[in-house]
Every structure is written in C-alpha cells, then in structure tokens.
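Working notes for the structure below.
For this chain, numbers begin at 1 and follow the sequence in order.
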Amino acid sequence: MSDRSVPVGIFLAATAIAAVCITSGPPTSAQVAAGQGLDLSGEWAPRFHEDQPERIPGPEIGDYLGLPINEAARLHGDSWDASLLTLPEHQCKPHPSDYSPRGPANLRLWKEVDTPTQQVKAWHTHISWQAPERTIWMDGRPHPPEYAAHTWQGFSTGKWEGDMLTVTTTHLKLGWIRRNGIPRSDRAVVTEHFVRHGDVLTLITVIDDPIYLTEPFIRTTNWALDPHQVIAPYPCQAVVEVDRPQGAVPHHLPGTNTFLREFSSRNGVPYEATRGGAETMYPEYMLQLKNMPAPPKLQTK
C-alpha cells in the first residue's frame, strides 16, 4: 500500500457518511414515484371564499344549477323535504366522505408509518362536524368486491402522482351532491386530488355516478394550515324534534312541491335553467338564457 492509499476504515466511514447525506436530502423523483410525496400532515382550517352560500347556510330548494344531473336525480330533489333532517335517524349521521369537506370541515391529516420499512402505510383524516374519521390506504391493497358493505366513508386507496396525492373511493352509502335533495348513488366512484402549496391545501373532487349523473361532477375545496387549531369533540344525541305519527317521513309527492320555483323567482333566473343538467355547467349556456322567458316575481305577503 502506498503512502497515499486511504485506510480501509476511513474509506468505509466516508462511504457511510456520503450515503446518509444522499438519503437525508430532498426526495428524488424515484423516491416520490415510490410513494413518498409531500407531507400533508397537520391541522387545516377551512376557507369558504368558494361556494360559501351553498356550503354554510345551505342551497335553496330547487337550485340545481351547474349540476350534470339526469331526470332521476331531479325527481329525487323535487321530492325531498328539509324536515327529513328532523327525524331521529337522520340527526346524527355524518356527511359522506365526498361531501364532508364542504361543510364545517376543520380537518386533521396524519400518516401511519410502517416501522420496519418507514413507508407510509395509510393516511387518516378527522373532520370536525360529526367527527368522521377516514383511512386512505397506501399499501397497494385492492378494493373490496362489489357485495362488500358500503359505509359513510367508503373504501379509499391512494397513490402519489408527483407531489399530488390521488385517492380513489368506492363502497360509499347513498349520499348527496347538494344539500337540497340532489343525490349521489352508492354506485359512484369518487376520485380526489390533494395538492399542497406551502400552507394551502387544495382538494379537487371528481364524482362519477352512473345512476344520477350524465357527466363527471367536479368541485374544489381549500384549507389553510393552522398549527393552533384544536378540534373539539362532537357528541350527538338524537331526540324527538317534531311529534309525528309513527312511520311518517316528510316528503313531496310528484308535482306537489310548491317551493321549487321560489329560487327562480327570487333570483330572476329562468326556471328551466334552475333544473340543472350538464349543459348548465358550461359558459356558453349563458347565451341560451337570453332566449328563455323571465320568471314571474316572487309574491310576498
């Protein structure tokens, strides 16, 4: 060995240090592709600059604008009565996972890490209203067979596409697309994209429903990171709010809902447009409105 040769011990130590430096730096594209992605963990406070009237006070009866619904969904909405929510069995049910981010949704996100491999096995969410918790599996497991039980949260699997977490959810109970009776069936497949930009988290949700939708329905929701956020418990106890005969369920028979035209009249929107449909999602539909009859003014006492 010459005088300039490096002793074996020093060489091995240097190699080990170099390896640590390489693996402890920013994730490489290969690591991201392998399922690392960005860290979404934290307490996230909802932002309501988008769709606030629909998400907080709630949509008006008969407002189906911008929804790619078919006639079956429209009939469901026309038959729906808001008093349904006073029934004890409806009082403490959570929003389904595809709608819960739209409401009073202070969000907690955390990851479950497999100790031996240090790979993220799953992501978990907790939402403030009714305190639903959801698991997004990241370990490659398949979705259950079609006959498996359907739940409010459904069965979700995720994968990283660059720094975007894409989630696919099936096995959801019958839910809703808008809180005025427009339904989402238990056959729907929901695709979500979680995108983090610094302290802002954006969720893009795409609903494909072969029963009630004629085209995919897309909406976005946003949160801001709030390290001081504390989500309180949400105990819920069902009570009798309205005394009714046993078995009575609030509803409207076809053609009897007298509230359907109020949204049209109050806002000066042609009634035909308020009935929704895929065409009402697109900007060019504004041109058709000019040729539709104006609604009568809402009569007030």
Side-chain angles (χ1 to χ4, degrees), residues 51-96 98-100 102-103 130 150 152 172-188 207 209-215 217 219 238-281 285 288-301:
D51 302 331
Q52 192 273 347
E54 174 173 331
R55 295 169 57 187
I56 299 303
E60 295 190 50
I61 299 298
D63 175 12
Y64 309 153
L65 272 168
L67 303 181
I69 56 175
N70 59 18
E71 195 59 39
R74 197 172 288 114
L75 178 61
H76 194 290
D78 292 351
S79 305
W80 186 80
D81 191 312
S83 293
L84 182 74
L85 302 178
T86 66
L87 295 177
E89 58 266 36
H90 287 270
Q91 291 171 20
C92 292
K93 65 182 182 183
H95 287 314
D98 57 322
Y99 193 92
S100 58
R102 305 288 292 172
Q130 295 288 357
H150 289 221
W152 290 116
L172 285 160
K173 285 178 177 286
L174 175 70
W176 44 93
I177 283 177
R178 183 168 284 172
R179 286 186 296 129
N180 58 2
I182 295 299
R184 188 264 302 136
S185 82
D186 61 359
R187 296 276 302 279
I207 301 176
D209 187 348
I211 305 301
Y212 291 123
L213 299 181
T214 61
E215 292 185 20
F217 179 55
R219 58 188 168 207
V239 298
V240 177
E241 295 184 3
V242 179
D243 189 17
R244 294 188 178 93
Q246 185 175 0
V249 177
H251 66 284
H252 294 280
L253 291 174
T256 65
N257 191 340
T258 60
F259 304 106
L260 292 177
R261 292 182 178 269
E262 288 188 1
F263 171 75
S264 170
S265 297
R266 182 181 294 110
N267 295 279
V269 179
Y271 179 67
E272 180 183 342
T274 69
R275 305 297 286 164
E279 63 276 9
T280 65
M281 295 193 299
Y285 188 72
Q288 299 184 38
L289 295 179
K290 298 178 180 180
N291 300 319
M292 296 180 183
K297 292 184 178 180
L298 184 65
Q299 298 297 320
T300 57
K301 294 182 180 180

Note to self: Tell me if the aromatic rings of Trp176 and His95 count as close, with their centers under 6.0 Å from one another.
What the structure shows: yes

Note to self: To the closest 0.5 Å, what do you measure between OG (Ser83) and CZ (Arg244)?
What the structure shows: 5.5 Å

Notebook entry, point to check: How long is the span from the CD1 atom in Ile61 to the OG1 atom in Thr274, to the nearest 0.5 Å?
Noted result: 12.0 Å

Note to self: With rounding to the nearest 0.5 angstrom, report the CZ to CG distance, Phe263 to Asp63.
What the structure shows: 3.5 Å

Note to self: Tell me the closest heavy-atom pair linking Cys92 and Ala238, and the distance in Å.
What the structure shows: SG-N, 3.9 Å

Checklist line | CA sep, side-chain torsions, deciding dist, call: Met281, Glu215, side-chain contact (heavy atoms from CB on, under 4.5 Å) | finding: CA-CA 10 Å; Met281 295 193 299; Glu215 292 185 20; 3.5 Å; yes

Next item on the list: Check Arg178 against Leu67 and note the closest heavy-atom contact, atom names and distance.
Entry: NH2-CD2, 3.6 Å

Note to self: If I compare all heavy atoms of Ser265 with all of Pro296, which pair ends up nearest, and what's the gap?
What the structure shows: OG-O, 2.9 Å

Notebook entry, point to check: Would you call Arg184 and Asp98 a salt bridge, using N to O less than 4.0 angstrom?
Noted result: yes

Notebook entry, point to check: Can you pull the side chain to side chain donor-acceptor pair (under 3.5 Å) pairs that have at least one residue in residues 246-262, sequence neighbours excluded?
Noted result: Asp81-His252

Checklist line | Check: Arg219 and Ile177 side chains under 4.5 Å, non-hydrogen atoms | finding: yes

Notebook entry, point to check: What do you reckon, is CD of Glu272 surrounded by more than 12 foreign heavy atoms closer than 6.0 Å?
Noted result: no

Note to self: Treating His150 as the side-chain partner and Leu172 as the backbone partner, does any N or O pair qualify as donor plus acceptor under 3.5 Å?
What the structure shows: yes

Check: Is any side-chain heavy atom of Pro57 less than 4.5 Å from a side-chain heavy atom of Gln52?
Finding: yes

When the side chains of residues 68-78 are checked against the rest of the protein, which donor-acceptor pairs come out under 3.5 Å, sequence neighbours left out?
residue: Asn70; atom: OD1; partner: Ala72; partner atom: N; Å: 3.2
residue: Asn70; atom: OD1; partner: Ala73; partner atom: N; Å: 3.0
residue: Asn70; atom: ND2; partner: Ile211; partner atom: O; Å: 2.7
residue: Glu71; atom: OE1; partner: Arg74; partner atom: NH1; Å: 2.8
residue: Arg74; atom: NE; partner: Arg275; partner atom: O; Å: 2.7
residue: Arg74; atom: NH2; partner: Arg275; partner atom: O; Å: 3.2
residue: His76; atom: ND1; partner: Gly181; partner atom: O; Å: 2.8
residue: Asp78; atom: OD1; partner: Tyr64; partner atom: OH; Å: 2.8
residue: Asp78; atom: OD1; partner: Arg275; partner atom: NH1; Å: 3.0
residue: Asp78; atom: OD2; partner: Arg275; partner atom: NH2; Å: 2.6

Next item on the list: Give the minimum heavy-atom separation between Ala273 and Thr280, together with the two atoms involved.
Entry: O-CG2, 3.9 Å

Notebook entry, point to check: So which heavy atom on Gln91 is nearest to which on Thr86, and how close?
Noted result: NE2-O, 2.7 Å

Margin query: With rounding to the nearest 0.5 angstrom, report the CZ to CH2 distance, Phe259 to Trp80.
Written below: 11.5 Å

Next item on the list: Answer yes or no: is there an ion pair linking Arg179 with Glu54, defined by an N-O contact shorter than 4.0 Å?
Entry: no

Next item on the list: With the side chain counted from C-beta on, respond yes when Tyr212 and Pro183 share a heavy-atom pair under 4.5 Å apart, and no when they do not.
Entry: yes

Margin query: Any side-chain to backbone donor/acceptor pair from Arg55 onto Arg102? Under 3.5 Å, distance only.
Written below: yes

Margin query: Nearest 0.5 angstrom please: Asn180 CG to Ile182 CD1, how far?
Written below: 5.5 Å

Checklist line | Least distance between heavy atoms, Ser185 atom then Leu174 atom | finding: CA-CD1, 3.8 Å

Next item on the list: Find the distance between NE2 (His90) and CD (Glu241) and round it off to the nearest 0.5 Å.
Entry: 12.0 Å

